[in-house]
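To start, the structure under review is shown below, and the notes come after it.
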Protein chains: 2
Amino acid sequence: MLKYQQIAAEIEQYINDQDLKQGDKLPVLEQLMSQYGVSKSTVTKALELLERRGVIFQLRGSGIFVRRHNRPGYMSLFSTQGFKNNLGDRVLTSDVLDVSITKPSEDVARNLGIDVADDVYRVERIRYVDGEVFCYEESYYVKAIVPYLNREIVADSIFDYVQSALGVTIGFSDMYMQVGRLNETEAGYLGLKMDDPTLRIETIFHLTNGKPFDYSRITYHYEHSQFVVQANGPYM
Amino acid sequence: MLKYQQIAAEIEQYINDQDLKQGDKLPVLEQLMSQYGVSKSTVTKALELLERRGVIFQLRGSGIFVRRHNRPGYMSLFSTQGFKNNLGDRVLTSDVLDVSITKPSEDVARNLGIDVADDVYRVERIRYVDGEVFCYEESYYVKAIVPYLNREIVADSIFDYVQSALGVTIGFSDMYMQVGRLNETEAGYLGLKMDDPTLRIETIFHLTNGKPFDYSRITYHYEHSQFVVQANGPYM
DNA sequence: TACTATAATTGTACCGGTACAATTAATCAA
DNA sequence: TTGATTAATTGTACCGGTACAATTATAGTA
(Lines give C-alpha, C1' and ligand atoms only; values in the text may rest on other atoms or scores of the structure.)
Protein backbone atom coordinates (compact mmCIF):
# COMPACT_ATOMS: atom_id res chain seq x y z
CA MET A 1 0.00 0.00 0.00
CA LEU A 2 1.26 3.41 -0.91
CA LYS A 3 2.17 5.92 1.74
CA TYR A 4 -0.46 8.46 0.84
CA GLN A 5 -3.17 5.81 0.74
CA GLN A 6 -2.05 4.53 4.11
CA ILE A 7 -2.12 8.01 5.58
CA ALA A 8 -5.53 8.70 4.08
CA ALA A 9 -6.82 5.53 5.71
CA GLU A 10 -5.32 6.51 9.05
CA ILE A 11 -6.81 9.99 8.94
CA GLU A 12 -10.21 8.55 8.11
CA GLN A 13 -9.79 6.12 10.98
CA TYR A 14 -8.90 9.01 13.25
CA ILE A 15 -12.08 10.83 12.26
CA ASN A 16 -14.15 7.78 13.11
CA ASP A 17 -12.32 7.06 16.36
CA GLN A 18 -12.62 10.62 17.59
CA ASP A 19 -16.18 10.67 16.30
CA LEU A 20 -15.59 13.97 14.55
CA LYS A 21 -18.59 15.66 13.02
CA GLN A 22 -19.30 17.93 10.09
CA GLY A 23 -17.16 21.04 10.40
CA ASP A 24 -14.77 19.71 13.04
CA LYS A 25 -11.18 20.68 12.46
CA LEU A 26 -8.32 18.30 11.87
CA PRO A 27 -4.68 18.88 12.79
CA VAL A 28 -2.93 21.33 10.51
CA LEU A 29 -0.85 20.20 7.56
CA GLU A 30 2.46 20.72 9.27
CA GLN A 31 1.45 18.60 12.20
CA LEU A 32 0.24 15.82 9.95
CA MET A 33 3.62 15.95 8.19
CA SER A 34 5.60 15.43 11.36
CA GLN A 35 3.03 13.06 12.83
CA TYR A 36 3.31 10.68 9.91
CA GLY A 37 6.91 11.54 9.13
CA VAL A 38 6.38 12.32 5.48
CA SER A 39 6.77 15.31 3.24
CA LYS A 40 4.15 17.93 2.62
CA SER A 41 3.25 16.68 -0.83
CA THR A 42 2.52 13.21 0.46
CA VAL A 43 0.15 14.50 3.13
CA THR A 44 -1.43 16.76 0.51
CA LYS A 45 -2.01 13.80 -1.72
CA ALA A 46 -3.67 11.85 1.06
CA LEU A 47 -5.91 14.83 1.79
CA GLU A 48 -6.80 15.22 -1.88
CA LEU A 49 -7.93 11.63 -1.89
CA LEU A 50 -10.12 12.14 1.15
CA GLU A 51 -11.50 15.32 -0.37
CA ARG A 52 -12.49 13.54 -3.56
CA ARG A 53 -14.19 10.86 -1.53
CA GLY A 54 -16.21 13.47 0.30
CA VAL A 55 -14.64 12.82 3.69
CA ILE A 56 -13.07 16.23 4.26
CA PHE A 57 -12.78 19.65 2.72
CA GLN A 58 -9.85 22.02 2.89
CA LEU A 59 -9.97 25.73 3.27
CA ARG A 60 -6.80 27.63 2.73
CA GLY A 61 -5.90 30.04 5.44
CA SER A 62 -8.16 28.18 7.77
CA GLY A 63 -7.67 24.44 8.02
CA ILE A 64 -8.91 20.97 7.20
CA PHE A 65 -12.45 20.06 8.17
CA VAL A 66 -14.70 17.04 8.30
CA ARG A 67 -17.34 16.92 5.63
CA ARG A 68 -19.09 13.59 5.62
CA HIS A 69 -22.49 13.37 7.24
CA ASN A 70 -24.44 11.15 4.90
CA ARG A 71 -28.09 10.58 5.50
CA PRO A 72 -28.92 7.20 6.94
CA GLY A 73 -30.50 4.86 4.43
CA TYR A 74 -28.65 6.29 1.44
CA MET A 75 -25.92 4.27 -0.21
CA SER A 76 -23.11 5.81 -2.14
CA LEU A 77 -23.85 5.34 -5.80
CA PHE A 78 -20.25 4.25 -6.32
CA SER A 79 -20.15 1.75 -3.50
CA THR A 80 -22.95 -0.16 -5.19
CA GLN A 81 -21.03 -0.20 -8.42
CA GLY A 82 -18.34 -2.69 -7.70
CA PHE A 83 -16.16 -0.17 -5.97
CA LYS A 84 -15.41 -0.98 -2.34
CA ASN A 85 -18.30 -3.13 -1.25
CA ASN A 86 -18.49 -1.59 2.16
CA LEU A 87 -22.14 -0.86 2.46
CA GLY A 88 -21.53 -0.08 6.08
CA ASP A 89 -22.98 -2.82 8.20
CA ARG A 90 -25.41 -4.04 5.58
CA VAL A 91 -25.34 -7.59 4.34
CA LEU A 92 -25.24 -8.12 0.64
CA THR A 93 -26.37 -11.46 -0.77
CA SER A 94 -27.17 -12.81 -4.20
CA ASP A 95 -29.36 -15.33 -5.99
CA VAL A 96 -27.45 -16.52 -8.99
CA LEU A 97 -29.80 -17.22 -11.89
CA ASP A 98 -27.24 -17.85 -14.59
CA VAL A 99 -23.52 -18.19 -15.22
CA SER A 100 -22.74 -19.25 -18.75
CA ILE A 101 -20.49 -18.68 -21.72
CA THR A 102 -22.20 -17.19 -24.76
CA LYS A 103 -21.72 -14.90 -27.71
CA PRO A 104 -22.60 -11.26 -27.10
CA SER A 105 -25.41 -9.45 -28.86
CA GLU A 106 -24.52 -6.55 -31.18
CA ASP A 107 -25.31 -4.15 -28.41
CA VAL A 108 -23.25 -5.90 -25.75
CA ALA A 109 -20.33 -6.34 -28.12
CA ARG A 110 -20.33 -2.64 -28.93
CA ASN A 111 -20.36 -1.65 -25.29
CA LEU A 112 -17.48 -4.01 -24.56
CA GLY A 113 -15.54 -3.04 -27.66
CA ILE A 114 -15.31 -6.63 -28.87
CA ASP A 115 -16.51 -8.71 -31.78
CA VAL A 116 -19.79 -10.63 -31.71
CA ALA A 117 -17.71 -13.77 -32.31
CA ASP A 118 -15.76 -13.31 -29.06
CA ASP A 119 -16.82 -15.23 -25.97
CA VAL A 120 -18.36 -13.59 -22.95
CA TYR A 121 -19.55 -14.79 -19.59
CA ARG A 122 -23.14 -13.94 -18.94
CA VAL A 123 -24.06 -13.52 -15.29
CA GLU A 124 -27.57 -12.98 -14.05
CA ARG A 125 -28.43 -12.45 -10.44
CA ILE A 126 -30.82 -10.92 -8.01
CA ARG A 127 -29.17 -9.01 -5.21
CA TYR A 128 -30.43 -8.47 -1.69
CA VAL A 129 -29.49 -5.95 0.96
CA ASP A 130 -30.33 -7.17 4.44
CA GLY A 131 -32.61 -9.77 2.88
CA GLU A 132 -34.65 -7.29 0.88
CA VAL A 133 -34.66 -7.38 -2.91
CA PHE A 134 -32.36 -4.65 -4.08
CA CYS A 135 -31.84 -5.13 -7.79
CA TYR A 136 -31.82 -7.45 -10.75
CA GLU A 137 -28.52 -7.59 -12.61
CA GLU A 138 -27.49 -8.90 -15.98
CA SER A 139 -23.82 -8.56 -16.77
CA TYR A 140 -21.30 -9.62 -19.35
CA TYR A 141 -17.59 -10.26 -18.85
CA VAL A 142 -15.05 -10.47 -21.64
CA LYS A 143 -13.79 -14.03 -21.48
CA ALA A 144 -10.38 -13.10 -22.84
CA ILE A 145 -9.88 -11.07 -19.66
CA VAL A 146 -11.93 -13.11 -17.21
CA PRO A 147 -11.27 -16.66 -18.36
CA TYR A 148 -13.15 -18.45 -15.62
CA LEU A 149 -16.21 -17.88 -13.45
CA ASN A 150 -18.50 -20.16 -11.52
CA ARG A 151 -21.54 -19.89 -9.28
CA GLU A 152 -19.50 -19.64 -6.11
CA ILE A 153 -17.40 -16.76 -7.32
CA VAL A 154 -20.44 -14.99 -8.68
CA ALA A 155 -22.41 -15.42 -5.47
CA ASP A 156 -19.64 -13.53 -3.73
CA SER A 157 -17.90 -10.47 -5.13
CA ILE A 158 -16.82 -10.89 -8.74
CA PHE A 159 -14.66 -7.81 -8.52
CA ASP A 160 -12.70 -9.12 -5.57
CA TYR A 161 -12.06 -12.32 -7.47
CA VAL A 162 -11.04 -10.54 -10.64
CA GLN A 163 -8.61 -8.32 -8.79
CA SER A 164 -7.05 -10.86 -6.47
CA ALA A 165 -7.10 -14.08 -8.47
CA LEU A 166 -6.57 -12.65 -11.91
CA GLY A 167 -4.37 -9.78 -10.85
CA VAL A 168 -6.08 -7.23 -13.03
CA THR A 169 -7.05 -3.87 -11.65
CA ILE A 170 -10.18 -1.91 -12.39
CA GLY A 171 -9.50 1.55 -13.65
CA PHE A 172 -12.64 3.51 -14.32
CA SER A 173 -16.26 3.13 -15.29
CA ASP A 174 -19.00 4.90 -17.19
CA MET A 175 -22.52 4.73 -15.79
CA TYR A 176 -25.60 5.50 -17.83
CA MET A 177 -28.81 5.89 -15.88
CA GLN A 178 -32.43 6.37 -16.72
CA VAL A 179 -35.82 5.96 -15.13
CA GLY A 180 -38.53 3.80 -16.62
CA ARG A 181 -41.13 1.17 -15.99
CA LEU A 182 -40.67 -2.50 -15.16
CA ASN A 183 -41.58 -5.16 -17.65
CA GLU A 184 -43.23 -8.35 -16.51
CA THR A 185 -40.05 -10.41 -16.12
CA GLU A 186 -38.26 -7.75 -14.10
CA ALA A 187 -41.32 -7.21 -11.95
CA GLY A 188 -41.34 -10.90 -11.18
CA TYR A 189 -37.71 -10.87 -10.08
CA LEU A 190 -38.12 -7.81 -7.91
CA GLY A 191 -41.46 -8.79 -6.38
CA LEU A 192 -43.14 -5.76 -7.89
CA LYS A 193 -45.82 -5.17 -10.45
CA MET A 194 -45.46 -4.56 -14.14
CA ASP A 195 -45.18 -0.84 -15.01
CA ASP A 196 -43.90 0.03 -11.55
CA PRO A 197 -41.17 2.69 -11.64
CA THR A 198 -37.55 1.68 -11.72
CA LEU A 199 -34.03 3.00 -12.05
CA ARG A 200 -31.89 1.37 -14.70
CA ILE A 201 -28.15 1.74 -14.70
CA GLU A 202 -25.86 0.42 -17.37
CA THR A 203 -22.20 0.43 -16.45
CA ILE A 204 -19.11 -0.24 -18.49
CA PHE A 205 -16.12 -1.14 -16.34
CA HIS A 206 -12.66 -0.63 -17.77
CA LEU A 207 -9.30 -1.93 -16.66
CA THR A 208 -6.54 0.55 -15.93
CA ASN A 209 -5.36 0.11 -19.50
CA GLY A 210 -8.70 1.36 -20.76
CA LYS A 211 -10.05 -1.94 -22.02
CA PRO A 212 -13.67 -2.64 -21.12
CA PHE A 213 -14.09 -5.97 -19.37
CA ASP A 214 -17.58 -5.81 -17.85
CA TYR A 215 -20.84 -4.43 -19.10
CA SER A 216 -23.74 -4.65 -16.70
CA ARG A 217 -27.36 -3.65 -16.69
CA ILE A 218 -28.92 -3.22 -13.31
CA THR A 219 -32.61 -2.74 -12.63
CA TYR A 220 -33.23 -1.37 -9.17
CA HIS A 221 -36.16 -1.92 -6.84
CA TYR A 222 -37.33 1.66 -6.55
CA GLU A 223 -38.39 1.42 -2.94
CA HIS A 224 -35.08 0.09 -1.68
CA SER A 225 -32.70 2.15 -3.71
CA GLN A 226 -31.69 5.53 -2.42
CA PHE A 227 -28.35 6.87 -3.46
CA VAL A 228 -26.04 9.63 -2.42
CA VAL A 229 -23.47 11.23 -4.69
CA GLN A 230 -20.92 13.63 -3.33
CA ALA A 231 -19.60 16.09 -5.88
CA ASN A 232 -16.66 18.42 -5.66
CA GLY A 233 -16.81 21.92 -6.95
CA PRO A 234 -17.44 23.33 -10.39
CA TYR A 235 -14.17 21.87 -11.59
CA MET A 236 -14.53 18.30 -10.51
CA MET B 1 -6.97 31.46 -14.12
CA LEU B 2 -4.40 29.10 -12.70
CA LYS B 3 -1.72 27.60 -14.89
CA TYR B 4 -2.80 24.03 -14.46
CA GLN B 5 -6.43 24.89 -15.20
CA GLN B 6 -5.35 26.77 -18.29
CA ILE B 7 -3.25 23.86 -19.50
CA ALA B 8 -6.09 21.43 -18.82
CA ALA B 9 -8.38 23.57 -20.91
CA GLU B 10 -5.85 23.72 -23.72
CA ILE B 11 -5.31 19.99 -23.74
CA GLU B 12 -9.04 19.41 -23.85
CA GLN B 13 -9.26 21.88 -26.71
CA TYR B 14 -6.48 20.03 -28.50
CA ILE B 15 -8.43 16.77 -28.17
CA ASN B 16 -11.48 18.37 -29.70
CA ASP B 17 -9.56 20.14 -32.45
CA GLN B 18 -7.69 17.00 -33.46
CA ASP B 19 -10.91 15.06 -33.08
CA LEU B 20 -9.13 12.43 -31.00
CA LYS B 21 -11.11 9.33 -30.12
CA GLN B 22 -11.23 6.85 -27.28
CA GLY B 23 -7.80 5.29 -26.87
CA ASP B 24 -5.88 7.83 -28.94
CA LYS B 25 -2.55 8.81 -27.45
CA LEU B 26 -1.56 12.27 -26.35
CA PRO B 27 1.96 13.71 -26.34
CA VAL B 28 4.09 12.36 -23.53
CA LEU B 29 4.51 14.20 -20.27
CA GLU B 30 7.93 15.57 -21.08
CA GLN B 31 6.73 17.06 -24.31
CA LEU B 32 3.75 18.68 -22.62
CA MET B 33 6.18 20.18 -20.10
CA SER B 34 8.30 21.85 -22.74
CA GLN B 35 5.32 22.65 -24.94
CA TYR B 36 3.63 24.66 -22.20
CA GLY B 37 6.85 25.70 -20.53
CA VAL B 38 5.92 24.53 -17.05
CA SER B 39 7.24 22.02 -14.59
CA LYS B 40 6.27 18.40 -14.43
CA SER B 41 4.07 18.78 -11.39
CA THR B 42 1.99 21.46 -13.07
CA VAL B 43 1.34 19.32 -16.12
CA THR B 44 0.58 16.40 -13.82
CA LYS B 45 -1.96 18.49 -11.98
CA ALA B 46 -3.67 19.48 -15.22
CA LEU B 47 -3.80 15.84 -16.26
CA GLU B 48 -5.24 14.81 -12.90
CA LEU B 49 -8.00 17.31 -13.40
CA LEU B 50 -8.81 15.94 -16.84
CA GLU B 51 -8.67 12.43 -15.47
CA ARG B 52 -11.20 13.23 -12.75
CA ARG B 53 -13.47 14.79 -15.30
CA GLY B 54 -13.33 11.64 -17.39
CA VAL B 55 -11.57 13.21 -20.33
CA ILE B 56 -8.39 11.13 -20.27
CA PHE B 57 -6.76 8.24 -18.46
CA GLN B 58 -3.10 7.74 -17.78
CA LEU B 59 -1.20 4.52 -17.89
CA ARG B 60 2.23 4.48 -16.48
CA GLY B 61 4.88 3.09 -18.74
CA SER B 62 2.62 3.65 -21.66
CA GLY B 63 1.17 7.11 -22.05
CA ILE B 64 -1.80 9.39 -21.78
CA PHE B 65 -4.96 8.41 -23.63
CA VAL B 66 -8.33 9.86 -24.52
CA ARG B 67 -11.22 8.42 -22.56
CA ARG B 68 -14.39 10.36 -23.20
CA HIS B 69 -16.90 8.96 -25.63
CA ASN B 70 -20.20 9.68 -23.98
CA ARG B 71 -23.37 8.34 -25.45
CA PRO B 72 -25.44 10.91 -27.26
CA GLY B 73 -28.54 11.96 -25.38
CA TYR B 74 -27.01 11.49 -21.94
CA MET B 75 -26.21 14.51 -19.82
CA SER B 76 -23.56 14.49 -17.17
CA LEU B 77 -25.29 14.27 -13.82
CA PHE B 78 -23.03 17.00 -12.53
CA SER B 79 -23.54 19.40 -15.40
CA THR B 80 -27.23 19.47 -14.58
CA GLN B 81 -26.45 20.26 -10.99
CA GLY B 82 -25.36 23.83 -11.21
CA PHE B 83 -21.85 22.95 -12.19
CA LYS B 84 -20.75 24.25 -15.57
CA ASN B 85 -23.98 24.65 -17.50
CA ASN B 86 -22.51 23.44 -20.73
CA LEU B 87 -25.10 20.99 -21.85
CA GLY B 88 -23.35 20.87 -25.15
CA ASP B 89 -25.44 22.65 -27.72
CA ARG B 90 -28.71 22.25 -25.87
CA VAL B 91 -30.74 25.24 -24.89
CA LEU B 92 -31.82 25.50 -21.29
CA THR B 93 -34.81 27.68 -20.44
CA SER B 94 -36.99 28.19 -17.40
CA ASP B 95 -40.50 29.09 -16.35
CA VAL B 96 -40.27 30.90 -13.07
CA LEU B 97 -43.25 30.09 -10.88
CA ASP B 98 -42.13 31.74 -7.70
CA VAL B 99 -39.39 33.92 -6.21
CA SER B 100 -40.14 34.97 -2.66
CA ILE B 101 -38.71 35.43 0.79
CA THR B 102 -40.10 33.06 3.41
CA LYS B 103 -39.24 31.14 6.53
CA PRO B 104 -37.95 27.63 6.00
CA SER B 105 -39.76 24.52 7.14
CA GLU B 106 -38.10 22.35 9.78
CA ASP B 107 -36.84 20.07 7.07
CA VAL B 108 -35.40 22.81 4.87
CA ALA B 109 -33.79 24.52 7.85
CA ARG B 110 -32.10 21.30 8.89
CA ASN B 111 -30.72 20.70 5.41
CA LEU B 112 -29.39 24.24 5.25
CA GLY B 113 -28.04 24.19 8.77
CA ILE B 114 -29.99 27.30 9.77
CA ASP B 115 -32.75 28.24 12.16
CA VAL B 116 -36.42 28.22 11.17
CA ALA B 117 -36.46 31.93 12.05
CA ASP B 118 -33.85 32.76 9.41
CA ASP B 119 -34.95 34.07 6.03
CA VAL B 120 -34.65 32.09 2.84
CA TYR B 121 -35.44 32.74 -0.78
CA ARG B 122 -37.82 30.21 -2.24
CA VAL B 123 -37.46 29.64 -5.97
CA GLU B 124 -39.77 27.48 -7.96
CA ARG B 125 -39.34 26.81 -11.64
CA ILE B 126 -39.94 24.44 -14.48
CA ARG B 127 -36.93 23.84 -16.66
CA TYR B 128 -36.84 22.98 -20.31
CA VAL B 129 -34.13 21.49 -22.49
CA ASP B 130 -34.61 22.34 -26.14
CA GLY B 131 -38.19 23.26 -25.36
CA GLU B 132 -39.08 19.96 -23.74
CA VAL B 133 -40.05 19.78 -20.08
CA PHE B 134 -37.03 18.56 -18.22
CA CYS B 135 -37.74 18.99 -14.53
CA TYR B 136 -39.63 20.77 -11.81
CA GLU B 137 -37.44 22.46 -9.23
CA GLU B 138 -38.08 23.87 -5.81
CA SER B 139 -35.07 25.40 -4.14
CA TYR B 140 -34.17 27.44 -1.08
CA TYR B 141 -31.32 29.92 -0.71
CA VAL B 142 -30.00 31.21 2.59
CA LYS B 143 -30.75 34.91 2.49
CA ALA B 144 -27.80 35.77 4.69
CA ILE B 145 -25.58 34.51 1.87
CA VAL B 146 -27.73 35.38 -1.14
CA PRO B 147 -29.29 38.70 -0.09
CA TYR B 148 -31.10 39.44 -3.33
CA LEU B 149 -32.80 37.54 -6.13
CA ASN B 150 -35.36 38.44 -8.72
CA ARG B 151 -37.20 36.80 -11.58
CA GLU B 152 -34.65 37.84 -14.15
CA ILE B 153 -31.72 36.38 -12.28
CA VAL B 154 -33.66 33.22 -11.57
CA ALA B 155 -34.72 32.79 -15.19
CA ASP B 156 -31.05 32.71 -16.07
CA SER B 157 -28.37 30.90 -14.10
CA ILE B 158 -28.56 31.55 -10.38
CA PHE B 159 -25.14 30.04 -9.89
CA ASP B 160 -23.48 32.38 -12.32
CA TYR B 161 -25.06 35.31 -10.54
CA VAL B 162 -24.06 34.11 -7.11
CA GLN B 163 -20.47 33.56 -8.18
CA SER B 164 -19.93 36.69 -10.21
CA ALA B 165 -22.12 39.29 -8.52
CA LEU B 166 -21.78 38.11 -4.94
CA GLY B 167 -18.24 36.83 -5.25
CA VAL B 168 -18.86 33.64 -3.36
CA THR B 169 -17.59 30.35 -4.71
CA ILE B 170 -19.34 27.03 -4.63
CA GLY B 171 -17.31 24.33 -3.03
CA PHE B 172 -19.07 20.99 -3.01
CA SER B 173 -22.47 19.39 -2.96
CA ASP B 174 -24.29 16.35 -1.65
CA MET B 175 -26.94 14.80 -3.88
CA TYR B 176 -29.57 12.41 -2.60
CA MET B 177 -31.52 10.58 -5.23
CA GLN B 178 -34.45 8.24 -5.25
CA VAL B 179 -37.08 6.94 -7.62
CA GLY B 180 -40.78 7.31 -6.98
CA ARG B 181 -44.14 8.25 -8.40
CA LEU B 182 -45.44 11.68 -9.32
CA ASN B 183 -48.18 13.32 -7.31
CA GLU B 184 -50.89 15.28 -9.01
CA THR B 185 -49.23 18.69 -8.78
CA GLU B 186 -45.90 17.48 -10.13
CA ALA B 187 -47.64 15.59 -12.92
CA GLY B 188 -49.36 18.80 -13.91
CA TYR B 189 -46.10 20.70 -14.10
CA LEU B 190 -44.33 18.03 -16.11
CA GLY B 191 -47.21 17.25 -18.44
CA LEU B 192 -47.40 13.69 -17.17
CA LYS B 193 -49.92 11.61 -15.29
CA MET B 194 -50.18 11.03 -11.59
CA ASP B 195 -48.25 7.94 -10.44
CA ASP B 196 -45.93 8.10 -13.41
CA PRO B 197 -42.34 7.22 -12.51
CA THR B 198 -39.88 9.96 -11.63
CA LEU B 199 -36.39 10.61 -10.38
CA ARG B 200 -36.10 12.92 -7.40
CA ILE B 201 -32.83 14.53 -6.49
CA GLU B 202 -32.26 16.65 -3.42
CA THR B 203 -29.03 18.58 -3.45
CA ILE B 204 -27.32 20.59 -0.78
CA PHE B 205 -24.81 23.04 -2.19
CA HIS B 206 -22.03 24.29 0.05
CA LEU B 207 -19.67 27.20 -0.29
CA THR B 208 -15.95 26.54 -0.18
CA ASN B 209 -16.05 27.26 3.54
CA GLY B 210 -18.46 24.38 4.04
CA LYS B 211 -21.58 26.45 4.71
CA PRO B 212 -24.72 25.25 2.92
CA PHE B 213 -26.35 28.00 0.92
CA ASP B 214 -28.77 26.20 -1.37
CA TYR B 215 -31.05 23.26 -0.87
CA SER B 216 -32.97 22.12 -3.92
CA ARG B 217 -35.45 19.41 -4.74
CA ILE B 218 -35.71 18.47 -8.37
CA THR B 219 -38.32 16.22 -9.86
CA TYR B 220 -37.29 14.95 -13.28
CA HIS B 221 -39.42 14.08 -16.26
CA TYR B 222 -38.48 10.42 -16.58
CA GLU B 223 -38.62 10.34 -20.35
CA HIS B 224 -36.28 13.27 -20.86
CA SER B 225 -33.74 12.58 -18.20
CA GLN B 226 -30.84 10.31 -18.96
CA PHE B 227 -27.66 10.80 -17.06
CA VAL B 228 -24.09 9.71 -17.32
CA VAL B 229 -21.69 9.49 -14.41
CA GLN B 230 -18.02 8.84 -14.94
CA ALA B 231 -16.29 7.24 -12.01
CA ASN B 232 -12.62 6.77 -11.36
CA GLY B 233 -11.27 3.59 -9.93
CA PRO B 234 -11.93 1.82 -6.69
CA TYR B 235 -10.27 4.65 -4.84
CA MET B 236 -11.99 7.64 -6.28
C1' DT C 1 9.33 -18.77 -35.67
C1' DA C 2 8.38 -18.26 -30.91
C1' DC C 3 9.70 -17.47 -26.55
C1' DT C 4 12.70 -15.12 -23.13
C1' DA C 5 15.58 -11.85 -21.24
C1' DT C 6 17.09 -7.14 -21.56
C1' DA C 7 16.74 -2.33 -22.38
C1' DA C 8 14.22 1.96 -23.33
C1' DT C 9 10.09 4.49 -22.47
C1' DT C 10 6.92 6.76 -19.59
C1' DG C 11 3.92 7.96 -15.81
C1' DT C 12 3.78 7.97 -10.44
C1' DA C 13 5.48 8.35 -5.67
C1' DC C 14 7.86 11.01 -2.83
C1' DC C 15 11.11 14.58 -1.30
C1' DG C 16 12.01 19.50 -0.11
C1' DG C 17 11.71 24.01 -1.23
C1' DT C 18 9.71 29.21 -2.32
C1' DA C 19 6.03 32.24 -2.98
C1' DC C 20 1.50 33.47 -2.32
C1' DA C 21 -3.60 33.96 -1.28
C1' DA C 22 -7.30 33.34 1.91
C1' DT C 23 -8.59 33.24 6.48
C1' DT C 24 -8.31 34.33 11.24
C1' DA C 25 -6.20 36.61 15.22
C1' DA C 26 -4.14 40.59 17.17
C1' DT C 27 -3.47 45.40 17.32
C1' DC C 28 -4.66 49.98 17.20
C1' DA C 29 -7.62 54.09 16.53
C1' DA C 30 -11.96 56.41 17.16
C1' DT D 1 -17.13 48.81 22.24
C1' DT D 2 -16.64 49.07 17.40
C1' DG D 3 -14.30 49.22 13.18
C1' DA D 4 -10.29 49.24 10.48
C1' DT D 5 -5.46 47.94 9.93
C1' DT D 6 -1.81 44.78 10.54
C1' DA D 7 0.23 40.45 11.52
C1' DA D 8 0.13 35.44 12.09
C1' DT D 9 -1.75 31.22 10.44
C1' DT D 10 -2.53 27.85 7.02
C1' DG D 11 -3.47 25.60 2.69
C1' DT D 12 -2.31 25.85 -2.54
C1' DA D 13 0.43 26.72 -6.74
C1' DC D 14 4.47 25.87 -8.73
C1' DC D 15 9.33 24.60 -9.19
C1' DG D 16 12.86 20.91 -9.82
C1' DG D 17 14.68 16.84 -8.50
C1' DT D 18 15.45 11.30 -7.57
C1' DA D 19 13.83 6.77 -7.56
C1' DC D 20 10.83 3.47 -9.19
C1' DA D 21 7.19 0.49 -11.37
C1' DA D 22 4.56 -0.71 -15.33
C1' DT D 23 4.57 -1.00 -20.07
C1' DT D 24 6.51 -1.55 -24.59
C1' DA D 25 10.32 -2.26 -27.74
C1' DT D 26 14.53 -4.64 -28.65
C1' DA D 27 17.79 -8.10 -28.73
C1' DG D 28 19.00 -12.65 -27.89
C1' DT D 29 18.20 -17.62 -27.70
C1' DA D 30 16.31 -22.04 -28.69
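The structure displayed is predicted, hence computed values, not measured ones. Just so we're on the same page: letters track the sequence lines, and every chain starts at 1.
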- [ ] Please state whether the rings of B:Y140 and B:Y215 are parallel, tilted or perpendicular, taking 30° and 60° as the class boundaries.
- [x]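 If you compare the ring of B:Y140 with that of B:Y215, the planes turn out parallel.
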
[X] side chain: which of [options] is closest?
{"X": "A:T42", "options": "D:dT10, C:dC14, D:dT12", "value": "C:dC14"}
{"X": "A:K3", "options": "D:dC14, D:dG11, C:dC14", "value": "C:dC14"}
{"X": "B:K45", "options": "C:dT12, D:dA13, D:dT10", "value": "D:dA13"}

- [ ] Using a heavy-atom cut-off of under 4.0 Å over every strand shown, decide if B:L29 touches base, sugar-phosphate, or nothing.
- [x]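 Base contact.
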
- [ ] Have a look at A:L47 and say if it touches a base, only the backbone sugar-phosphate, or nothing, with a 4.0 Å heavy-atom cut-off.
- [x] nothing

Task: Base-contact (B) and sugar-phosphate-only (S) positions in nucleotides 2-7 of chain C, heavy-atom cut-off under 4.0 Å, - elsewhere - done: ------

Task: Where protein sits on nucleotides 16-25 of chain D, one letter per nucleotide: B base, S sugar-phosphate only, - none, heavy atoms under 4.0 Å - done: S-B--BBBS-

Would you mind reading off the distance between [X] atom [atom1] and [N] atom [atom2], rounded to a whole angstrom?
{"X": "A:E48", "N": "D:dT12", "atom1": "CD", "atom2": "C1'", "answer": "10 Å"}
{"X": "A:E30", "N": "D:dT12", "atom1": "CD", "atom2": "P", "answer": "14 Å"}
{"X": "B:M1", "N": "D:dT12", "atom1": "CE", "atom2": "P", "answer": "19 Å"}
{"X": "A:M33", "N": "C:dC14", "atom1": "CE", "atom2": "P", "answer": "14 Å"}
{"X": "A:Q31", "N": "D:dT10", "atom1": "CD", "atom2": "C1'", "answer": "13 Å"}

So, [X] and [Y]: side-chain donor and acceptor under 3.5 Å apart, yes or no?
{"X": "A:Q13", "Y": "A:D17", "result": "yes"}
{"X": "B:R217", "Y": "B:N111", "result": "no"}
{"X": "A:T102", "Y": "A:S100", "result": "no"}

Open item on the list: Using OP1 and OP2 only, check whether a side-chain N or O of A:Q58 sits under 4.0 Å from D:dT10.
Closed with: no

TODO: Take atom CD of B:Q6 as the centre, draw a 6.0 Å sphere, and report whether it contains more than 12 heavy atoms from other residues, nucleotides or ligands.
DONE: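 For B:Q6, atom CD is crowded (more than 12 foreign heavy atoms under 6.0 Å).
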
Open item on the list: Does B:E30, at its CD atom, have more than 12 non-hydrogen atoms belonging to other residues, nucleotides or ligands within less than 6.0 Å?
Closed with: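 No, because the 6.0 Å sphere around CD of B:E30 holds 12 heavy atoms or fewer from other groups.
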
TODO: For residues B:F57 and A:F172, establish whether the separation of their ring centroids is below 6.0 Å.
DONE: yes

TODO: Answer yes if the ring centres of A:F159 and A:F205 are under 6.0 angstrom apart, and no otherwise.
DONE: yes

Open item on the list: Would A:R71 pass as a cation-pi partner of B:Y176, given that its NZ or CZ must be under 6.0 Å from the six-membered ring centre and within 45 degrees of the axis?
Closed with: yes

TODO: Return the 5'-most residue of the pair A:Y4, B:P27 with respect to DNA chain C, ranking by each residue's nearest nucleotide.
DONE: B:P27

